[in-house]
Amino acid sequence: MQSLGKPGANQFKFIEWSLFGMESVTPMPPSVEIPNCGPAFRGRQYSVRPSIIPKTMIPEAITNPPVQWYGHIAAGLPREDQFVGPLTFPLEGKERIHMIWSDAPCWETCWNGGNEMQEALRHESIEFLLIQHPWMENDCLFADILLPINTKFEEEDIGTDSDNGMWSVVYYEQQAIESLGESKSDLEAVEEVAKKLEQFGGIYEDLHARMMDGGKTVGDFIKAGFENTGASEKLSFEEFKEKQYYPFPTKEKWEDLPVGLSQFYEDPENHPLTTPSGKLEYYSTALADIFPDDEIRGPIPRWIEEGDGHEERIDSKRAIEYPFLIVSNHPRWRVHANCDDITWLREIQTCKVVGPDGYAYEPVWVNPVDAGKLGLKTGDVAKIYNERGGVLGGVIVSERIIPGAIYQDHGARVDTIVSGVGGLDRGGANNLIAPSATTSKNAHGEVTSGFLVNIEKVDVFQLAEQYPEAFGRAYDPASGVVVDEYIVEGN
């Protein structure tokens, strides 16, 4: 608003500086190359397929197909992709979902509407659920078959660091330890499945050989990834494996590169922005043209009291029953649900709150003003709830959260007392009670913070009497839920 691109009127971004290989978002002197090890990857496809489902719409796509939306809902696609559509799942004349194969089993607690996701995973249309994973993340509890997967320490691999902002690096990841137990790498697990499928012939004939490009090894793919970078011009593959990394030097004469959006400021006609008009838009011409009837996501940003499918404001009618807004950020002591069982972290005072029953509950922060009204004190166990269900938490009374709001990190390990919509979770995974509605009818992002809840103190011993099976599960105070209880071994 004060001359975009003018000296002193730029912005500085501290993370993901070269994400998707974009030199334009690197504020530091760039390296001569942003390396890409793509040929080393097996399985993942970056192309957009005709049949897709946005993650935020998976429960509805399973339980109530067909679903419809705009855009391919993937980071890094051009701005215009958000207007592609409407897209539909399932495609015309095609089947609904009958099987799920997942290697990212945290849908119910990393996205919106988690209790609905639980119901979807148990829906009668889902005949089989296969999950491969190193950890017992939350969705693993729904799996029919669980394939144990290596950690990075048990595998040989290649990687890049193109996000540090200055010196992009390609590095060799040497195998540190042998595979533990019966675990295999993701690739090896899929190889075994491919070999089994070959017995059915037809489209499965020679499946394993096709998957491995005619019999290549992991080492062959790592070498191909290395050779796809400029590092192969500076040292041999064997030298690279011995040294284990190669940092790309800074570009020569980087001082002469244009700073930020300075070219747009100096000559906007010849250096336009990527907006339809080529200029800084306060009025979105694309939204006005493509979604002229969208009253929620209009061409001019403005305050929206209630959105499509959302009544989540503290002055709404729902707030009479659910008067608090929950703040739920990425956790400080976890990565989503990963690391929730690390004993050292759980010893940190703000990582867990040990209740009177010895269970380490996910903290919920409450302002002293609200705590006084509710009769809550630090160390109590409380239920956070709305009509979508409830989760438990260990209370921390603190001035660090404002009155009228409560705070609980997202991504805790699920420990289900009652599953599905209207259910109750002991672990404090509050995505379970987040709205199922996406950001708006024409934008399908997740809504997992700033929604309405209520909070009340609970007696965990009374709950234990009411739900003896859930409260009687094996539990390790140092690391949490003992996952063996959920596993039935078979041949």
Side-chain angles (χ1 to χ4, degrees), residues 108-109 113-116 118 310-329 331 350-436 447-471:
E108 61 186 299
T109 47
N115 276 336
E116 290 195 354
Q118 286 188 346
H310 297 287
E311 191 182 351
E312 304 288 347
R313 302 306 308 159
I314 55 175
D315 52 0
S316 67
K317 292 181 180 179
R318 283 185 67 243
I320 297 173
E321 190 171 357
Y322 309 114
F324 293 93
L325 287 171
I326 184 170
V327 180
S328 185
N329 294 334
T350 56
C351 181
K352 297 292 179 182
V353 174
V354 179
D357 55 351
Y359 188 97
Y361 289 89
E362 184 67 15
V364 52
W365 299 61
V366 184
N367 184 273
V369 172
D370 296 323
K373 295 176 182 178
L374 297 166
L376 294 173
K377 63 181 185 301
T378 296
D380 285 343
V381 178
K383 180 173 76 170
I384 305 166
Y385 65 95
N386 52 33
E387 75 277 18
R388 295 181 284 267
V391 300
L392 301 185
V395 174
I396 296 177
V397 178
S398 173
E399 294 278 2
R400 299 189 71 179
I401 185 71
I402 63 173
I406 62 173
Y407 176 85
Q408 187 182 55
D409 286 334
H410 104 106
R413 282 290 176 94
V414 163
D415 190 2
T416 301
I417 299 172
V418 179
S419 66
V421 175
L424 181 62
D425 177 66
R426 195 180 185 189
N430 58 63
N431 280 48
L432 295 170
I433 61 172
S436 57
V447 179
T448 49
S449 184
F451 56 90
L452 288 176
V453 296
N454 205 343
I455 180 171
E456 64 183 22
K457 183 178 178 178
V458 297
D459 185 328
V460 289
F461 298 108
Q462 285 186 359
L463 284 175
E465 291 179 3
Q466 187 177 357
Y467 303 104
E469 183 177 350
F471 278 76

Fill in the blank from the handout: Correct closest heavy-atom pair for P356 and G379 would be CD-O, 4.2 Å

Completion exercise
Heavy-atom nearest pair, A429 first then A412, reads CB-O, 3.5 Å

Fill in the blank from the handout: Note: R413 and D425 closest approach over all heavy atoms is O-OD2, 4.4 Å

Practice task
Report the C-alpha separation of T416 and Q118 in whole Å, then their side-chain angles, then the decisive distance to 0.1 Å, and conclude whether the side chain to side chain contact (heavy atoms under 4.5 Å, CB included) test is met.
Solution key: CA-CA 10 Å; T416 301; Q118 286 188 346; 3.7 Å; yes

Exercise for the section: Could you tell me whether the side chain of E387 reaches within less than 4.5 Å of the side chain of E321, counting heavy atoms only? Expected result: no

Practice task
Please round to the nearest 0.5 Å and tell me the distance separating atom CG of N386 and atom CD of E312.
Solution key: 7.0 Å

Handout entry: Residue pair N454 / F324, side-chain heavy-atom distance below 4.5 Å
Key = yes

Handout entry: Sidechain-backbone polar pair: N115 side chain, R388 backbone, donor-acceptor under 3.5 Å
Key = yes

Practice task
Would you check if I406 and V327 make a side-chain contact, meaning some heavy-atom pair closer than 4.5 Å?
Solution key: no

Practice task
Measure from NZ or CZ of R426 to the centre of the six-membered ring of Y359 and say whether it is under 6.0 Å with the direction within 45° of the ring axis.
Solution key: yes

Handout entry: Interatomic distance, T448 atom OG1 to I326 atom CD1 [nearest 0.5 angstrom]
Key = 10.0 Å

Exercise for the section: Look only at the side chain of H410 and the backbone of N430, and say whether a donor-acceptor pair between them is shorter than 3.5 Å. Expected result: no

Completion exercise
Separation between CG (D409) and CH2 (W365), nearest 0.5 Å, reads 9.0 Å

Practice task
Hey, could you give me the CD/CG distance between Q408 and N431, rounded to the nearest 0.5 Å?
Solution key: 10.0 Å

Practice task
Work out which heavy atom in E311 is nearest to a heavy atom in K317; give both atom names and the distance.
Solution key: OE2-N, 3.4 Å

Practice task
May I have the step-by-step check of side chain to side chain contact (heavy atoms under 4.5 Å, CB included) for I417 and F471, ending in yes or no?
Solution key: CA-CA 8 Å; I417 299 172; F471 278 76; 3.6 Å; yes

Problem - Donor-acceptor pair, side chain of Y385 and main chain of E456, under 3.5 angstrom - result: no

Fill in the blank from the handout: One should read off an interatomic distance between N367 CG and E399 CD, to the nearest 0.5 angstrom, of 5.5 Å

Problem - Nearest heavy-atom neighbours spanning I401 and V366 - result: CG2-C, 3.5 Å

Handout entry: Approximate separation, where rounding is to 0.5 Å, of I455 CD1 and I384 CD1
Key = 5.0 Å

Fill in the blank from the handout: Nearest heavy-atom contact between T350 and P363 is O-CG, 3.4 Å

Practice task
State, with a plain yes or no, whether a side-chain heavy atom of Y407 is found less than 4.5 Å away from one of N329.
Solution key: yes

Practice task
Given side chain to side chain contact (heavy atoms under 4.5 Å, CB included), test L374 with K457 step by step and report yes or no.
Solution key: CA-CA 8 Å; L374 297 166; K457 183 178 178 178; over 6 Å; no

Exercise for the section: Answer yes or no: is there a donor N or O on one side and an acceptor on the other, between the side chain of D370 and the main chain of G404, under 3.5 Å? Expected result: yes

Problem - From CA spacing to verdict: side chain to side chain contact (heavy atoms under 4.5 Å, CB included), L392, L424 - result: CA-CA 8 Å; L392 301 185; L424 181 62; 4.1 Å; yes

